[in-house]
Amino acid sequence: MKFNVSSKTLYSYVSAVSKVINSKNALTILNNFLFELKDNQLIITASDLENTLVAHVEVFDAEGEGRFCVDARRIVDLLKEMPDQGVTFDINDDNLSVEITYSSGNYSFIAINGNEYPSNEATENPEGVFTFTCPTEQVLKGIDNTLFAVGNDDLRPQMMGILWDIKPDAITFVATDTRKLVKYRNALSAPGQEGSFILPVKPATVVKNVFAKEEQIKITVEPKSVTFESPAYKFNCRFIKGSFPDYNRVIPTNNPYVLTIDRQSFLNAVRRVGVFVDQGHGLVKFKIQPEKLVMKATDNNFCTSAREEVACDFTGNEMVIGFSAPYLIEISNTISTTDLVIKLSDPSRPGVFLPSENDADSELLMLLMPMTVTDF
């Protein structure tokens with residue numbers, strides 16, 4: 001087998017595909033890429049058994065066909081340091097010796113038989129399978145707005161991923177760890193299908209990084225896995241089994257008191273006050289008044305305290321409530337509008353955080369459980 005390819009083009013694909021490979025694999029063969037030469041196309045596959053990512057790269061002057069495995073780390077590191085020029089791969093079909101040649105040098109190593117690489121072919125089971133195509137922007141916004149709220153408790157595996165609640169007119173993305181919840185509905189395109197699945201964190205991160213430059217994504221939902229496909233990449237991943245909690249039940253429908261505040265001023269103040277919180281719980285106390293928000297934090301272990309005031313607009317009477325500073329920072333960073341709207345009912349009920357206005361075709365809602373405050 002023999003083929004020629006641009007070093008930087010190949011590097012962009014192998015570095016993207018390598019994101020699936022774990023630092024430690026149960027099978028040694030999974031430390032490798034599977035290269036498959038077919039016509040004038042090189043198919044690159046990486047897998048961790050749960051997730052499989054495939055890239056299609058156009059090559060030139062291809063001779064022969066076949067499959068072989070190459071060490072992923074070695075090939076990525078080599079191509080990263082190589083200048084942008086044509087590179088020739090020459091593979092001996094008998095002993096699988098590989099020689100990589102370019103204008104200034106050559107490198108050689110022994111490949112592994114491609115037939116040893118585990119296959120992750122989907123079983124033919126058309127029942128319960130549906131497919132739709134949507135803009136990449138719709139998927140990336142859903143992941144960006146919810147990924148930070150995913151839980152990490154092994155006892156609640158259903159919360160260790162992002163729920164995709166697919167309806168004919170929109171996709172709703174939901175994530176929660178029981179303390180905070182994010183619900184993001186996007187109707188940029190209508191799937192025309194109905195179903196749901198829970199996408200784990202690793203596949204969500206791979207989709208976010210690998211498909212960022214693609215315009216459209218074809219999504220195929222099967223009984224146990226989901227496949228994301230574009231002209232350049234195909235990514236199959238298993239989703240989390242089980243039922244996601246009924247998120248609509250926990251979202252308060254009647255939070256009558258509305259706090260409107262400049263988001264950046266609020267975020268900066270929480271960051272400063274957050275330096276002085278007790279690291280054990282991160283509590284910041286808030287005294288909300290009609291025209292100003294006073295926040296305080298103390299850490300008795302180090303005899304430190306902090307106090308800040310930020311101008312605001314509050315429709316209720318004076319209220320004292322506590323929230324975790326790290327969670328407030330995450331929420332304020334995710335919301336992008338100039339003003340932040342917080343709807344409250346009482347100090348023991350969750351606060352609803354909203355952008356001052358939603359983008360067209362989208363709706364973002366975040367919920368945060370308060371912390372107990374004995375005095376201000």
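Position 1 is the first residue of the sequence; numbering continues from there. Treat the numbers as computed from the prediction; the structure is a model and nothing was measured. The basis for the numbers below is simple: all heavy atoms, side chains too, and nothing from hydrogens, waters or symmetry mates.
Proximity of a side-chain donor or acceptor of T337 to a complementary backbone N or O of S356 within less than 3.5 Å is detected. Side chain of K38 to backbone of E65: no donor-acceptor contact under 3.5 angstrom is found. Looking only at distances, no side-chain donor or acceptor of D84 sits under 3.5 Å from a matching main-chain atom of S6. Using a distance-only test at 3.5 Å, with no hydrogens or angles considered, no donor-acceptor pair links the side chain of S332 to the main chain of I329. K8 places a side-chain N or O within donor-acceptor distance of the main-chain N or O of K80, the cut-off being under 3.5 Å. With hydrogens and angles disregarded, no donor-acceptor distance shorter than 3.5 Å links the side chain of R156 to the backbone of G151. With S7 contributing its side chain and Q85 its backbone, the two residues share a donor-acceptor pair below 3.5 Å. Side chain of N32 to backbone of I29: a donor-acceptor contact under 3.5 angstrom is found. Judged by distance alone, with hydrogens and angles left aside, the side-chain atoms of S189 form no donor-acceptor pair with the main-chain N or O of C134 at under 3.5 Å. The backbone N or O of N236 sits nowhere less than 3.5 Å from a side-chain atom of T227 that would complete a donor-acceptor pair.
Partners of S243 by side-chain hydrogen bond (donor to acceptor under 3.5 Å, both in side chains), not counting sequence neighbours: none found. Legend: residues meeting side-chain hydrogen bond (donor to acceptor under 3.5 Å, both in side chains) with R349, ordered by chain and number and at least two apart, are absent. Considering only residues two or more places apart in sequence or on other chains, Y327 meets the side-chain hydrogen bond (donor to acceptor under 3.5 Å, both in side chains) condition with R179. Shown here are the salt bridge (charged side-chain N to carboxylate O under 4.0 Å, His left out) partners of K167, two or more places apart in sequence or in another chain: D165, E194. Residues that satisfy the side-chain contact (heavy atoms from CB on, under 4.5 Å) test with D246, not counting sequence neighbours, are N248, R249. Applying the side-chain hydrogen bond (donor to acceptor under 3.5 Å, both in side chains) test to K180 and every residue at least two apart in sequence or in another chain returns D177.
Closest approach of N22 to K202, counting heavy atoms only: OD1-NZ, 2.5 Å. When all heavy atoms of A325 and V270 are compared, the pair lying nearest together is O-CG1, 4.0 Å. Residues V174 and T146 approach most closely at N-CG2, 4.3 Å, considering heavy atoms.
Atom CG of residue N186 and atom OG of residue S362 lie 6.0 Å apart, to the nearest 0.5 angstrom.
Under 3.5 Å, the side chains of S305 and T298 contain no donor-acceptor pair of N or O atoms. Side-chain N/O atoms of N25 and N31 include a donor and acceptor closer than 3.5 Å.
Ring pair F68/F35 is perpendicular by interplanar angle, where above 60° counts as perpendicular and below 30° as parallel. Ring geometry for F323 versus F353: interplanar angle over 60°, hence perpendicular rather than tilted (30 to 60°). Between F173 and W164, the angle of the ring planes goes over 60°, which puts this pair in the perpendicular group of the 30/60° scheme.
A salt bridge links K208 with D144: at least one charged nitrogen is closer than 4.0 Å to a carboxylate oxygen. Between E36 and R67 a salt bridge is recorded (basic side-chain N to carboxylate O distance below 4.0 Å). Using a 4.0 Å cut-off between charged side-chain N and carboxylate O, R185 and D169 make a salt bridge.
Considering L96, I100, D71 in turn, I100 is the only one that fulfils the side chain to side chain contact (heavy atoms under 4.5 Å, CB included) rule with F109.
A ring-centre distance under 6.0 Å is found for Y13 and Y233.
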